[in-house]
2 protein chains.
Amino acid sequence: MKHLVRTSKNLGHAIREARKAKNMTQKELASMSGVWQETISKIENGSGGTKLETLFDLIAALDLEITVTERSKGASDGLEDIF
Amino acid sequence: MKHLVRTSKNLGHAIREARKAKNMTQKELASMSGVWQETISKIENGSGGTKLETLFDLIAALDLEITVTERSKGASDGLEDIF
DNA sequence: ACACGTTATGATCTAAAGGTCATATTGATT
DNA sequence: AATCAATATGACCTTTAGATCATAACGTGT
């Protein structure tokens, strides 16, 4: 699993995929991360303007990690589709 | 350049490094990204709660990219220090 | 020490995120 | 189709990020 993320929509996708992959419901994720179910819903649907702290909470609860790198000119190696 | 980011502080570091690497001043980054210099200052210093949209603006202006992956259990391959 | 460029802080205002609750809508499952 | 779980939406309220401007603090070269 590897998602390139450049918009809130991408992000929402990545979060949802990861959650589903772990067979979690939004409500479960909510209680594990401290982020409200309603908020998770919005985020997964790409509602812009989420706060970083909220993101980090979800990322941690989902056992994901975020990396920042230079933009790779060519060869998007092993990346899944971007929506 | 590859930064693992799990907190706002990490993020700030990554941003600052990338900016310096490009010999840009906060003001220049500001005009390129549409994010205020004052805001950039706060972000680089790890002020929590930045909005995602703002982040994406900076990332784009700095030619960086964000990826979300599963947390790699072992071997942090080629990652720079995390602060 | 001075001057200039860079970065940090502080105040005010506005827009909007998220906590919170209630409810609507969608989606399975039988 | 009826039922129950899972999501989405909508309203309200509080809090806070970011725009904006002014200014302070910090760095660095001379």
Side-chain angles (χ1 to χ4, degrees), chain A residues 1 3 5-66 68 70 80-83, chain B residues 1 3 5-66 68 70 80-83:
Chain A
M1 206 276 264
H3 281 277
V5 171
R6 31 173 78 119
T7 70
S8 304
K9 250 188 167 26
N10 302 163
L11 213 245
H13 253 278
I15 299 279
R16 175 162 289 168
E17 296 242 315
R19 175 173 65 77
K20 294 241 139 138
K22 301 205 144 204
N23 268 84
M24 269 190 229
T25 101
Q26 290 184 347
K27 191 179 268 181
E28 288 171 318
L29 215 205
S31 70
M32 300 193 50
S33 63
V35 179
W36 254 236
Q37 177 267 314
E38 294 85 338
T39 302
I40 294 176
S41 169
K42 282 183 206 156
I43 291 174
E44 288 191 351
N45 286 300
S47 107
T50 312
K51 280 196 279 167
L52 277 179
E53 297 300 15
T54 306
L55 209 216
F56 291 137
D57 289 346
L58 293 178
I59 292 293
L62 287 168
D63 263 297
L64 300 176
E65 63 182 26
I66 294 180
V68 173
E70 280 142 4
E80 295 185 10
D81 289 343
I82 311 164
F83 302 90
Chain B
M1 207 278 265
H3 281 275
V5 170
R6 32 173 79 117
T7 69
S8 304
K9 255 196 163 17
N10 302 164
L11 214 247
H13 254 278
I15 300 279
R16 174 161 290 168
E17 296 242 317
R19 176 174 64 79
K20 294 241 142 141
K22 299 205 146 207
N23 269 83
M24 268 190 230
T25 101
Q26 290 183 347
K27 189 179 270 180
E28 287 171 321
L29 215 205
S31 70
M32 300 193 51
S33 62
V35 179
W36 254 236
Q37 176 267 313
E38 295 84 337
T39 302
I40 295 175
S41 168
K42 282 183 206 153
I43 292 173
E44 288 190 352
N45 287 299
S47 110
T50 312
K51 280 196 277 170
L52 276 179
E53 296 300 16
T54 306
L55 209 215
F56 291 137
D57 289 346
L58 292 179
I59 292 295
L62 286 168
D63 262 298
L64 299 176
E65 64 183 26
I66 294 180
V68 173
E70 284 141 2
E80 296 187 9
D81 291 343
I82 310 163
F83 301 89

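Convention: sequence-line order gives letters A, B, ...; per-chain numbering from 1. What you are looking at is a predicted structure, and each value in this text was computed from that prediction instead of being measured.
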Take atom [atom1] of [X] and atom [atom2] of [N], then tell me their distance rounded to the nearest Å.
X	N	atom1	atom2	result
A:I40	C:dT20	CD1	P	14 Å
A:E28	D:dA5	CD	P	13 Å
B:E44	C:dT7	CD	C1'	9 Å
B:L29	C:dA8	CG	P	13 Å
A:K27	D:dA8	NZ	P	14 Å
A:M24	D:dT7	CE	P	12 Å
B:E53	C:dA17	CD	P	9 Å
B:K51	D:dA17	NZ	P	10 Å

Check for a donor-acceptor pair, side chain of A:E17 on one end and backbone N or O of A:A14 on the other, with a separation under 3.5 Å. no
Does B:E44 pair with B:R19 as a salt bridge, N-O distance under 4.0 Å? yes
Looking at [options], which one has an atom nearest to any side-chain atom of [X]?
X	options	answer
B:Q26	D:dA17, C:dT7, D:dA6	C:dT7
A:R16	D:dG18, C:dA8, D:dA8	D:dA8
B:T25	C:dG19, D:dG18, C:dT7	C:dT7

Please determine which of A:I15, A:L55, A:N10, A:I66 meets the side-chain contact (heavy atoms from CB on, under 4.5 Å) test together with B:V68. A:I66
So if I take the C1' atoms of five pairs at each end of the helix from C:dA1-D:dT30 to C:dT30-D:dA1 and get each local axis, what angle do the two axes make, rounded to 10 degrees? 60°
N/O to N/O distances under 3.5 Å, protein versus nucleotides 20-25 of chain D:
{"residue": "D:dC21", "atom": "N4", "partner": "B:E38", "partner atom": "OE2", "Å": "3.0"}
{"residue": "D:dA22", "atom": "N6", "partner": "B:E38", "partner atom": "OE2", "Å": "3.4"}

Earlier contact from the 5' end, DNA chain C, for B:K20 and A:V35: B:K20
Enter the distance from A:S31:OG to A:K27:NZ here, rounded to the nearest 0.5 Å. 9.5 Å
To the nearest 0.5 Å, what is the distance between OG1 on A:T7 and CG on B:L52? 10.0 Å
Over 12 foreign heavy atoms within 6.0 Å of NZ, A:K22: yes
Interface residues of residues 54-62 of chain B with DNA chain D (non-hydrogen, below 4.0 angstrom): B:T54
Provide the closest heavy-atom pair for [X] versus [Y] in the form atom of the first, atom of the second, distance.
X	Y	result
B:L64	A:E70	CD2-CA, 4.0 Å
B:A30	B:W36	CB-C, 4.0 Å
A:M1	A:A18	CE-CB, 4.0 Å
A:M24	A:E28	CA-OE1, 3.2 Å
A:E53	B:S8	OE2-OG, 3.3 Å

Output yes when at least one side-chain N/O atom of B:R19 is less than 4.0 Å from OP1 or OP2 of C:dT6, else no. no
Taking only the side-chain nitrogens and oxygens of B:N45, find out if one of them lies under 4.0 Å from OP1 or OP2 of C:dA8. yes
Does a donor on one side chain and an acceptor on the other come within less than 3.5 Å for A:T54 and A:D57? no
